[in-house]
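By convention in this document, chain letters (A, B, ...) are assigned in the order of the sequence lines, proteins followed by strands, and residues within each chain are numbered from 1. Side-chain atoms are counted along with the backbone in the values below, which use heavy atoms only and exclude waters and symmetry mates.
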Protein chains: 2
Amino acid sequence: MTDGKAQYADVTEFLDTVEFQDAALLSYVTSAIIVPTYDDIKRDFGIIRAEYLLLLCLSHFPVLTAQDVSRLTGRPRNSISRAVNRMLVEGYIERAPDPDDGRRSKLTITSSGRKLHKKVAKHMSIQQENILAALSPTERKTLAKLLRKTAIHAAER
Amino acid sequence: MTDGKAQYADVTEFLDTVEFQDAALLSYVTSAIIVPTYDDIKRDFGIIRAEYLLLLCLSHFPVLTAQDVSRLTGRPRNSISRAVNRMLVEGYIERAPDPDDGRRSKLTITSSGRKLHKKVAKHMSIQQENILAALSPTERKTLAKLLRKTAIHAAER
DNA sequence: AGAATATTGTTCCAAATGGAACAATAAAGG
DNA sequence: CCTTTATTGTTCCATTTGGAACAATATTCT
């Protein structure tokens, strides 16, 4: 290496030239937070993405059906179904038939599940802070505001 | 439905209460753009995510190795290896041994590959606009600025 | 009420994914 | 120069993923 040229193709150069730049940036930043965290979660707690998403949903709503979780997370129903059955075995959630609708089951999180969620959420929060440390508090607020506005619009489509 | 309660658990409510809110928002907005587009791409052009990422990289750098693409995209090397071999068969890319390093191959995109990339990029751009239509031009610029700053920081870690 | 349609959760299966081991080549260190 | 270590790309294999069909139950329509 005798000249000033980068040894490897540079990802920031890539992100600057891509046609759908906003989407590429969103994807890059999201992955930087989420991918390593899901790897940690799998290694440390033995649960996979759909399983954690299930716990996450159930820790923010008192009761949900599998279908609700599918809608909230965007994961297909069979993924959630598998996650439900594994998390039942592990004792992280409980299931009761819905007396008003024989097709449904009402899912709730156990205290053990909640405890696991807290640990996982901690991991994700730390990684979020690592990555978003580039921004000032004001910038963080602005980013959140813009993302929330966009998310609401996306949810309404 | 006689009262004002939502029929289903609401994703915006979820996004407002989740512990790692910024990460959740990022993930939600990113997925809203990217997931449906990759579904379209698969249906319309028969290529999968790693394959398109390969074309995308090669349409922004004159020559890359598989390793470069792996680093740029964050996908593991075996995924890229498979993508390279399929895209070769389809005639979207070309491969030549690197005369300076017997381990490497130099990858380039063909005009047919470039044409496909343009079509796919169009899809992605349209979906990006659909979702980010919630923001004013000024807000769009601010969002891009904040994301770029964050991405650069993430790339440097 | 009865028939047609929709929804829920599950199972099956084919495809996608990624870690690990591997051979070939290159670079580093004595 | 020779040995050790690192890198590249590939193959193998186990796991994850998601579409599609399915049975059971609800809802809608006539």
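- The salt bridge (charged side-chain N to carboxylate O under 4.0 Å, His left out) contacts involving residues 125-142 of chain B comprise A:Asp22-B:Arg140, A:Lys149-B:Glu139, B:Glu129-B:Arg140, where partners must be two or more places apart or lie in separate chains.
- Of all nucleotides listed (C:dG9, D:dG9, D:dT16), D:dT16 comes nearest to the side chain of A:Lys42.
- By the salt bridge (Lys or Arg N to Asp or Glu O under 4.0 Å) test, A:Arg82 is found to be paired with no residue, residues two or more places apart in sequence or in another chain being considered.
- B:Tyr92 meets the side chain to side chain donor-acceptor pair (under 3.5 Å) test with no other residue; sequence neighbours excluded.
- The nearest whole Å value for the distance from the CD1 atom in B:Ile47 to the P atom in C:dA16 is 12 Å.
- Evaluation of the salt bridge (Lys or Arg N to Asp or Glu O under 4.0 Å) rule for B:Arg103 yields B:Asp101 as partners, not counting sequence neighbours.
- Here B:Arg71 does not reach the OP1 or OP2 of D:dT7: none of its side-chain N or O atoms lies under 4.0 Å away.
- The stretch residues 84-96 of chain A touches DNA chain C through A:Asn85, A:Arg95, each having a heavy atom within less than 4.0 Å of the strand.
- In this entry the distance linking CG of A:Asp68 with P of C:dT8 reads 8 Å, nearest Å.
- Closest approach to the A:Ser81 side chain among C:dT10, D:dT8, C:dT17 is made by C:dT10 (side chain taken as heavy atoms from C-beta onward).
- Whole-Å rounding puts the A:Asp100 CG to C:dT8 C1' distance at 15 Å.
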Would you please test B:Ile33 and A:Leu26 for side-chain contact (heavy atoms from CB on, under 4.5 Å) and show each step?
CA-CA 9 Å; B:Ile33 299 176; A:Leu26 279 165; 3.9 Å; yes
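- Spacing between atom CZ of B:Arg49 and atom C1' of D:dT17 amounts to 13 Å, rounded to whole angstrom units.
- Between A:Asp98 and A:Ala50, the residue anchored closer to the 5' end of DNA chain D is A:Ala50, taking for each the nucleotide with the nearest heavy atom.
- Partners of A:Arg148 according to the salt bridge (Lys or Arg N to Asp or Glu O under 4.0 Å) rule, which considers only residues two or more places apart in sequence or in another chain, are B:Asp16.
- Applying the salt bridge (charged side-chain N to carboxylate O under 4.0 Å, His left out) test to every pair with at least one member in residues 47-66 of chain A, sequence neighbours left out, gives these pairs: A:Glu51-A:Arg86.
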Enumerate, atom names and distances included, each donor-acceptor pair closer than 3.5 Å involving a side-chain atom of residues 93-100 of chain A, sequence neighbours excluded.
| residue | atom | partner | partner atom | Å |
| --- | --- | --- | --- | --- |
| A:Asp98 | OD1 | A:Asp100 | N | 2.8 |

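- Look at B:Arg43 and B:Asp40 and you find a salt bridge, because one of the NZ, NE, NH1 or NH2 atoms lies within 4.0 Å of a carboxylate O, short of that distance.
- Ring geometry for A:His60 against A:His117 counts as perpendicular: the plane angle is over 60°, on a 0 to 90° scale with 30° as the lower cut.
- As judged by a 4.0 angstrom heavy-atom cut-off over every strand, A:Ile48 is placed among residues touching the sugar-phosphate backbone only.
- For B:Arg104, no side-chain nitrogen or oxygen approaches OP1 or OP2 of D:dT10 to under 4.0 Å.
- For the pair B:Arg43 CZ and D:dG19 C1', the computed distance is 14 Å after rounding to whole Å.
- With sequence neighbours left out, the ring pair (Phe, Tyr, Trp, His ring centres under 6.0 Å) criterion links B:His123 to B:Phe45.
- The distance from atom CD of A:Glu51 to atom P of D:dT15 is 13 Å, rounded to the nearest whole Å.
- Residues satisfying the salt bridge (Lys or Arg N to Asp or Glu O under 4.0 Å) test with A:Asp44, not counting sequence neighbours, are none.
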Nucleotide N/O to protein N/O under 3.5 Å, stretch nucleotides 18-25 of chain C:
| residue | atom | partner | partner atom | Å |
| --- | --- | --- | --- | --- |
| C:dG18 | OP1 | B:Arg75 | NH1 | 3.4 |
| C:dG18 | N7 | B:Asn78 | ND2 | 3.2 |
| C:dG18 | N7 | B:Arg82 | NH2 | 3.0 |
| C:dG18 | O6 | B:Arg82 | NH1 | 3.1 |
| C:dG19 | N7 | B:Asn78 | ND2 | 2.9 |
| C:dG19 | O6 | B:Asn78 | ND2 | 2.2 |
| C:dT25 | O3' | B:Gly102 | N | 3.3 |

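- One atom, CD1 of A:Ile80, and another, C1' of D:dG18, lie 12 Å apart when rounded to the nearest Å.
- Recorded end-axis angle for the helix from C:dA1-D:dT30 to C:dG30-D:dC1 stands at 30°, based on five pairs per end and rounded to 10 degrees.
- Distance B:Lys106 NZ to D:dG9 P: 12 Å, rounded to the nearest Å.
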